[in-house]
Amino acid sequence: MSFENKSIIELNKDVESFVIQASASRTEFFKQKFDDKYSVLQFLHFSDVHMRLDCWDRVIEYLNYYKDYISFALHTGDYCEDSQERYNDLYGDGIKSERVVYNCIGNHDTNSVDQITRVRTITEKDKPHALLFNHTEGWDVNYFDVKFPMSYYKDFPESNIRMIVLDCYYDIEEQKRQLAEILRDAREKGFYVITAMHELTGAIEESFGVTFNTINDYKGLLGKQRQRVYEQAIVDFVKDGGVHICHFAGHDHHDGFGITENGILNSIVPCATTWAGWSDGKRVEGTKTQDCFNIVSIDPNLKLLKIVRVGDNSDHFLREKRLLCFDYEKRKVIFNG
């Protein structure tokens with residue numbers, strides 16, 4: 001059965017009011033008494049678009065439509081399909097975005113496949129850098145001091161937030177050192193921090209029972225340990241008095257939310273493609289399941305992390321994944337449904 005092709009706006013009108021309200025904080029009359037001095041930071045988080053121009057365009061269409069409520073978009077890796085040979089210049093060929101779309105390197109972006117032997121190798125950094133970071137106009141970010149940098153940070157002073165986007169595949173040791181310095185600088189300046197990279201900082205051990213975390217046993221299926229290349233730097237930052245709100249990732253193609261053994265909050269967004277190989281259900285074009293990304297809102301005054309799901313909002317257990325409001329300071333679920 002084929003479904004009528006509908007716009008992403010039409011398919012997701014049911015969450016429009018939540019996108020609007022997630023960008024709000026309490027009324028301005030609280031400001032004087034409670035010192036509500038920061039603005040809510042709201043952005044679009046998507047990942048693993050895997051060179052699909054049609055999927056990318058639908059995300060940008062949504063971003064442009066709700067640009068008054070969304071400050072920017074962040075794509076957390078796997079811009080290429082399965083290797084560098086399968087690539088589309090999505091920024092250049094797709095719909096022009098009216099908001100900045102930040103990018104991040106994923107594991108498939110590092111790989112090159114020999115067309116004869118089919119042997120897969122990791123290339124030098126200049127190749128993925130040229131593919132993923134060729135449209136950075138208006139980013140206004142601070143890059144790490146390495147060759148062909150794919151790690152950077154951006155301050156949002158009106159929200160008192162520093163966003164740090166990390167490359168977890170190249171120059172790890174040097175970037176660990178610089179990350180520690182950037183985190184120390186954030187602590188000294190009083191910035192709260194969000195981090196992002198393609199993968200989790202570590203395995204999620206406590207999900208608080210939210211539906212935005214898979215209940216399929218992927219750990220038992222895959223038997224893999226999650227890399228922790230940068231987690232210790234974040235742990236040290238928190239021990240020294242810094243505020244780390246959340247780490248944002250993709251890679252798994254299914255939902256994840258919760259804290260690691262070391263207490264670091266992670267949020268995984270499912271893939272933006274319709275390939276459902278590692279998803280928690282079907283992804284059918286022409287239906288709401290076709291698209292999948294999160295509208296993320298951070299309220300620094302009330303210490304709230306809010307997520308609104310656009311697109312696929314249930315799993316094969318029929319658990320609903322539409323909304324999440326989480327107190328990141330008290331580690332408490334306010335609402336999930």
Side-chain angles (χ1 to χ4, degrees), residues 1-24 42-50 52 54-66 69-70 73-76 200 204 207-216 218 246 248-258 265-298 304-326 333-337:
M1 178 180 181
S2 60
F3 292 89
E4 178 187 355
N5 185 28
K6 295 181 179 179
S7 78
I8 189 170
I9 308 303
E10 181 182 0
L11 284 171
N12 292 279
K13 275 291 183 181
D14 61 313
V15 296
E16 180 176 76
S17 64
F18 299 111
V19 172
I20 293 171
Q21 298 296 11
S23 70
Q42 182 153 284
F43 61 94
L44 188 158
H45 177 209
F46 70 122
S47 194
D48 298 82
V49 73
H50 287 286
R52 284 280 300 270
D54 57 334
C55 297
W56 175 276
D57 276 350
R58 289 176 67 84
V59 174
I60 304 305
E61 179 186 356
Y62 194 91
L63 178 62
N64 288 344
Y65 190 85
Y66 290 103
Y69 306 99
I70 304 171
L74 171 65
H75 178 257
T76 48
L200 290 170
I204 291 173
S207 70
F208 307 95
V210 303
T211 56
F212 279 78
N213 187 66
T214 184
I215 56 174
N216 281 310
Y218 285 104
C246 189
F248 298 94
H251 185 57
D252 288 356
H253 285 222
H254 52 260
D255 276 293
F257 186 90
L265 183 64
N266 279 249
S267 174
I268 312 171
V269 67
C271 62
T273 71
T274 56
W275 182 74
W278 294 103
S279 297
D280 282 342
K282 296 178 179 179
R283 302 288 297 275
V284 181
E285 295 189 18
T287 74
K288 193 174 177 67
T289 68
Q290 174 175 354
D291 308 292
C292 193
F293 54 86
N294 291 337
I295 304 301
V296 176
S297 176
I298 299 170
L304 298 179
L305 168 65
K306 295 173 275 187
I307 296 176
V308 179
R309 170 57 50 79
V310 176
D312 187 25
N313 62 3
S314 64
D315 59 20
H316 63 88
F317 297 103
L318 303 186
R319 299 184 309 151
E320 192 170 27
K321 301 177 290 185
R322 295 176 74 225
L323 309 168
L324 175 62
C325 182
F326 185 78
V333 177
I334 305 298
F335 181 76
N336 176 214

Could you give the distance from [atom1] ([X]) to [atom2] ([Y]), rounded to the nearest 0.5 Å?
{"X": "L63", "Y": "F43", "atom1": "CG", "atom2": "CZ", "answer": "12.5 Å"}
{"X": "N266", "Y": "D252", "atom1": "CG", "atom2": "CG", "answer": "10.0 Å"}
{"X": "L318", "Y": "T211", "atom1": "CG", "atom2": "OG1", "answer": "12.5 Å"}
{"X": "L324", "Y": "L304", "atom1": "CG", "atom2": "CG", "answer": "10.5 Å"}
{"X": "L11", "Y": "R58", "atom1": "CG", "atom2": "CZ", "answer": "6.0 Å"}
{"X": "D312", "Y": "K282", "atom1": "CG", "atom2": "NZ", "answer": "12.5 Å"}

Is any side-chain heavy atom of [X] closer than 4.5 Å to a side-chain heavy atom of [Y]?
{"X": "I307", "Y": "L323", "answer": "no"}
{"X": "Y62", "Y": "N12", "answer": "yes"}
{"X": "K321", "Y": "D315", "answer": "yes"}
{"X": "I204", "Y": "N213", "answer": "yes"}
{"X": "I215", "Y": "D280", "answer": "no"}
{"X": "F248", "Y": "V269", "answer": "no"}
{"X": "L44", "Y": "N294", "answer": "no"}
{"X": "F317", "Y": "N216", "answer": "yes"}

Among S279, S47, C55, the one residue meeting side chain to side chain contact (heavy atoms under 4.5 Å, CB included) with C271: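 Testing C271 for a side chain to side chain contact (heavy atoms under 4.5 Å, CB included) against S279, S47, C55 leaves exactly one candidate, S279.
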Check ring pair (Phe, Tyr, Trp, His ring centres under 6.0 Å) between [X] and all other residues, then give those that pass, not counting sequence neighbours.
{"X": "H50", "answer": "H108, H253"}
{"X": "F208", "answer": "F326"}
{"X": "H75", "answer": "F46"}

Can you check whether [Y]'s main-chain N or O pairs, donor with acceptor, with [X]'s side chain at less than 3.5 Å?
{"X": "K306", "Y": "A22", "value": "yes"}
{"X": "T289", "Y": "V284", "value": "yes"}
{"X": "E61", "Y": "W56", "value": "no"}
{"X": "Q21", "Y": "S17", "value": "no"}
{"X": "Q42", "Y": "S23", "value": "yes"}

Under 4.0 Å between a side-chain nitrogen and a carboxylate oxygen: does that hold for [X] and [Y]?
{"X": "K13", "Y": "E16", "value": "yes"}
{"X": "R283", "Y": "D291", "value": "no"}
{"X": "R52", "Y": "D57", "value": "no"}
{"X": "R309", "Y": "D255", "value": "yes"}

I'd like to know whether I8 forms a side-chain contact (heavy atoms from CB on, under 4.5 Å) with V59, so could you lay out the CA-CA distance, the side-chain angles of the two residues, the decisive distance to 0.1 Å, and finally the verdict. CA-CA 8 Å; I8 189 170; V59 174; 5.6 Å; no
Check for me whether the distance between the ring centres of H254 and Y218 falls short of 6.0 Å.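 Centroid distance H254-Y218: below 6.0 Å, so yes.
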Of the non-hydrogen atoms in I295 and F293, which two are nearest, and what is the gap between them?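 Minimum heavy-atom contact is CD1-CE1, 4.1 Å.
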Shortest non-hydrogen separation from G209 to N336 and the atoms involved: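 Where G209 meets N336 most closely, the heavy atoms are O-OD1, 4.4 Å.
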Apply the test side-chain contact (heavy atoms from CB on, under 4.5 Å) to residues V15 and R322: give CA-CA distance (whole Å), side-chain angles for both, the deciding distance (0.1 Å), then the verdict. CA-CA 8 Å; V15 296; R322 295 176 74 225; 4.1 Å; yes
